[in-house]
Amino acid sequence: MLKLPGLIDPHVHLREPGATHKEDFDSGTSAALAGGITTVLAMPNTKPPIFDADTLDLALTTAKQKARCDYGQYLGAGPDNSNWQRNASASARSAGLKMYLDSTFGELRLDDMTLWQPHFENWPKSMPIVAHSESRSMAAAILFAAMHDRPVHIAHISLKEEVLLIKAAKERGIKVTCEVCPHHLFLSKEDIPAISHGHPGRGEVRPRLATPQDVDSLWKNLDVIDCFATDHAPHTIEEKDSENPPPGFPGLETILPLLLTAVSESRLTIPDLIAKMYTNPKRIFNLPDQPETWVEVDENETYEIKAAEQFTRCNWTPFEGWKVKGRVRKVVLRGRTAFEDGTVQVEAGYGQNVRG
Ligand code: NCD
Ligand code: ZN
């Protein structure tokens with residue numbers, strides 16, 4: 001039996017408000033506990049998006065009633081909400097600011113760089129900024145962080161050029177950190193036919209699955225990567241198999257077994273896993289201690305991943321049928337058994353806001 005600290009996932013989409021048929025604070029935080037994760041930070045691209053004090057309250061009120069593990073809620077950067085001095089109480093109650101820098105996300109749209117500047121200027125330096133920025137826009141985000149001498153965390157890097165640029169920026173003292181998702185470590189674009197089962201939408205995720213060379217470079221540069229994060233982005237199997245499939249993979253219940261399998265194959269070490277899923281995210285996102293909290297894992301149990309056994313509401317996983325080694329047996333959160341042998345044992349509302 002292996003004992004790990006309560007793990008942290010700084011990047012999840014819990015779909016509340018607005019798309020609770022895909023997930024909500026209850027099902028999403030149950031999935032987190034089943035995956036050995038005791039803190040999730042929820043993204044703001046909901047309906048409505050979370051972008052000011054009122055929408056933040058909407059999400060936090062629901063989370064308070066429904067979450068079973070601890071949580072934080074990001075605010076989203078939009079074209080009209082950069083006056084964060086006026087909204088200081090909202091920023092302090094959020095997990096951080098999420099900036100979508102190269103894709104359009106409804107109201108959270110920052111089409112040109114003149115809209116980035118006031119967010120970097122006004123967002124409190126003590127609070128995290130997370131950028132969804134791929135390739136060249138990632139380089140621009142790092143430049144903004146350097147110009148403002150403040151930290152920026154780059155979400156879900158997937159490319160060789162990205163990991164190498166972040167390495168170079170870190171060597172020059174720029175305050176940049178980054179995360180990588182399991183699907184970019186364990187899948188490449190060459191796996192799309194195998195995971196699609198004839199439904200091309202199942203291979204759709206942003207950032208897209210990359211080349212085997214990109215995947216290799218992430219593994220070779222693990223020391224550059226600060227965090228593992230799921231980017232848990234559940235869409236129902238019906239939506240994934242429709243004419244217009246939305247991008248996104250669920251990930252909360254598969255991240256730990258996949259990484260423990262990598263440990264069993266000597267591709268990763270347990271201290272490195274703890275650094276990237278606990279120590280580093282706790283520091284980067286300034287998260288509170290969770291006393292009397294741990295995860296018990298049977299590192300020798302081998303089993304097959306099955307969507308039918310998961311708590312996420314989306315009812316599919318790109319890793320269906322994968323043989324993994326390492327099962328979460330028990331999760332103790334703040335002194336209570338929160339999950340044991342396949343059952344969630346704490347009630348909705350047990351979870352606490354990390355910005356309490
Ligand atoms: C995310 C989602 O579904 O919310 N999808 C994804 O592929 N990662 C949106 C996003 O963060 O790009
Ligand atoms: Zn995301």
Side-chain angles (χ1 to χ4, degrees), residues 8-25 27-28 31-32 37 40-51 59 71-78 95-110 128-135 137-138 141 153-159 162 178-185 187 189 192 195-196 200-210 227-242 244-252 254-255 281 285 312-319:
I8 297 162
D9 187 349
H11 191 150
V12 302
H13 298 266
L14 298 184
R15 307 301 189 207
E16 186 146 15
T20 53
H21 66 288
K22 300 175 199 260
E23 204 78 288
D24 68 359
F25 278 106
S27 61
I37 291 156
V40 289
L41 302 184
M43 286 296 164
N45 63 331
T46 48
K47 291 186 192 111
I50 309 305
F51 67 99
Y71 58 87
Q73 172 66 55
Y74 287 98
L75 282 159
L97 180 69
K98 177 71 186 290
M99 301 181 76
Y100 290 93
L101 298 182
D102 53 4
S103 344
T104 52
F105 272 93
E107 286 152 75
L108 303 179
R109 196 176 57 229
L110 299 171
I129 289 184
V130 176
H132 177 144
S133 54
E134 299 175 34
S135 193
S137 81
M138 188 202 81
H153 180 78
I154 308 294
H156 43 48
I157 67 164
S158 61
L159 303 176
E162 293 171 346
C178 68
E179 69 194 26
V180 68
C181 305
H183 47 270
H184 293 122
L185 283 175
L187 295 170
K189 54 161 66 153
I192 293 176
I195 64 172
S196 298
R202 293 195 206 177
E204 288 291 340
V205 66
R206 299 292 176 273
R208 288 182 170 81
L209 295 178
C227 306
F228 294 132
T230 60
D231 190 14
H232 178 77
H235 301 285
T236 66
I237 188 78
E238 292 77 21
E239 291 166 336
K240 291 299 278 182
D241 294 353
S242 70
N244 249 327
F249 292 168
L252 280 166
T254 45
I255 182 169
F285 297 94
T312 174
R313 207 161 271 165
C314 72
N315 215 15
W316 79 287
T317 161
F319 302 106

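Whatever order the structure lists ligands and atoms in, that order sets their numbers, starting from 1. Because only heavy atoms are used, hydrogens play no part in the values below, and waters and symmetry mates are left out as well, while side chains stay in.
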Once the angle between the rings of Phe249 and Trp316 is folded into 0 to 90°, is it parallel (under 30°), tilted (30 to 60°) or perpendicular (over 60°)?
perpendicular
* Whether Tyr74 and Phe285 hold their rings parallel, tilted or perpendicular, with breakpoints at 30° and 60° -> perpendicular
Out of curiosity, is Arg15 lining ligand 1, as in a heavy atom under 4.0 Å away? yes
Return yes when Met43 approaches ligand 1 closer than 4.0 angstrom through a heavy atom, no otherwise. no
**Prompt:** What is the number of protein N, O or S atoms that sit under 2.8 Å away from the Zn ion (ligand 2)?
**Reply:**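 My tally for this metal is 3.
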Using a 4.0 Å cutoff against the non-hydrogen atoms of [X], which atoms of ligand 1 qualify?
X	result
Val205	7 (O)
Asn45	2 (C), 4 (O), 9 (C)
His132	11 (O), 12 (O)
Asp231	8 (N)
Ala233	1 (C), 2 (C), 3 (O), 5 (N)

Of Arg202, Lys22, Arg15, the one forming a salt bridge (charged side-chain N to carboxylate O under 4.0 Å, His left out) with Glu239 is Lys22
Does any N or O of ligand 1 fall below 3.5 Å from an N or O anywhere on Arg206, backbone included?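 Yes.
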